[in-house]
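Report on the structure given below.
Fair warning: this is a prediction, and the values are worked out from it, not measured in the lab.
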Amino acid sequence: MLDPSCPASAIVEHQLTTSIERAMASACRENVRRATLSLCTANGKTTTFKVHGWLLRATAISDAANRLHIDLVVLDANHQDLAQASLHGSMKQIVHVDGKSADGKSRYVMEVTPLAGCPARVAAVVEDATHS
């Protein structure tokens, strides 16, 4: 457990609990794809993760005021830009962004909840240890 008085700039790793939804309209229906994941990233470093044919790149940089700057990029399998966002928020606070893809063919919604450390990694290790 991290000391709440510890400034965010002293935190070396962040967990970005991320929900992404992409909707593409065709003549007959709307195709919606969703993904929810917890991504661990070192402070100031870019982390890349693949899910559902998407490539997610995330960079989180914390400051002394316990605020976080998060850059997110979502690419498709052909490395075409689906979504880009530059977010600012505080630990444990949901940050929401929505918009249209660069080509205008789809819309996206992203929600990110940043946490200090990486509780998901700890939970995965504990779960793995109980199922050995």
Has N78 got a side-chain atom pairing as donor or acceptor with Q80's backbone, closer than 3.5 angstrom?
no
Hey, are the side chains of R67 and M91 touching, using non-hydrogen atoms and a 4.5 Å cut-off?
no
Shortest non-hydrogen contact from P114 to S90?
CG-O, 3.5 Å
Near I94 CD1, under 6.0 Å, is it more than 12 heavy atoms from other residues, nucleotides or ligands?
no
Ignoring hydrogens and angles, tell me if any N or O in the side chain of N43 forms a donor-acceptor pair with the backbone of S62 under 3.5 Å.
yes
Can you check side chain to side chain donor-acceptor pair (under 3.5 Å) on T17 and Q15, steps first, answer last?
CA-CA 6 Å; T17 302; Q15 175 177 305; 3.0 Å; yes
Please report the closest heavy-atom contact between V73 and Q84, naming both atoms and the distance.
CG2-CG, 4.0 Å
Please examine the side chains of L72 and M110, heavy atoms only from C-beta on, and report whether any two atoms are closer than 4.5 Å.
yes
Under 3.5 Å, is there a donor-acceptor pair between the side chain of S106 and the main chain of S101?
no
Nearest 0.5 angstrom please: H96 NE2 to E111 CD, how far?
6.0 Å
Nearest heavy-atom pair of K105 and M24: which atoms, and what distance?
O-CG, 3.5 Å
Taking atom CZ of R34 and atom OG1 of T36, what is their separation to the nearest 0.5 Å?
9.0 Å
Report yes if the side chains of L39 and T47 come closer than 4.5 Å at any heavy-atom pair, otherwise no.
yes
To the nearest 0.5 Å, how far apart are CH2 in W54 and CZ in R22?
7.5 Å
Are V109 and I20 grouped together when hydrophobic residues (ILVMFWY) are joined by side-chain heavy atoms under 4.5 angstrom apart?
no
Considering all heavy atoms of both residues, which atom of R33 and which atom of H52 are nearest to each other, and what is their separation?
NH2-O, 2.6 Å
For a quick test of reading the model, state the closest non-hydrogen atom pair linking L82 to Y108 and the distance between them.
O-CD2, 3.6 Å
Can you tell if the side chain of I70 reaches within under 4.5 Å of the side chain of I61, non-hydrogen atoms only?
no
So if you build clusters from Ile, Leu, Val, Met, Phe, Trp, Tyr with side-chain heavy-atom gaps below 4.5 Å, do V112 and L55 land together?
no
Could you tell me if the side chain of L115 sits less than 4.5 Å from the side chain of K92, heavy atoms only?
yes
With heavy-atom distances below 4.5 Å as the criterion, would you say the side chains of E21 and V32 are in contact?
yes
Nearest heavy-atom pair of A60 and T41: which atoms, and what distance?
CB-CG2, 4.1 Å
Please step through side-chain contact (heavy atoms from CB on, under 4.5 Å) for the pair L37 and L56, ending with a clear verdict.
CA-CA 11 Å; L37 58 118; L56 174 68; 4.0 Å; yes
Counting C-beta onward and ignoring hydrogens, is there a side-chain heavy-atom pair between D98 and R107 closer than 4.5 Å?
no
Side-chain contact test, heavy atoms from C-beta onward, threshold under 4.5 Å: evaluate it for E13 versus C40 and give yes or no.
yes
Distance from L68 atom CG to L16 atom CG, nearest 0.5 Å?
7.0 Å
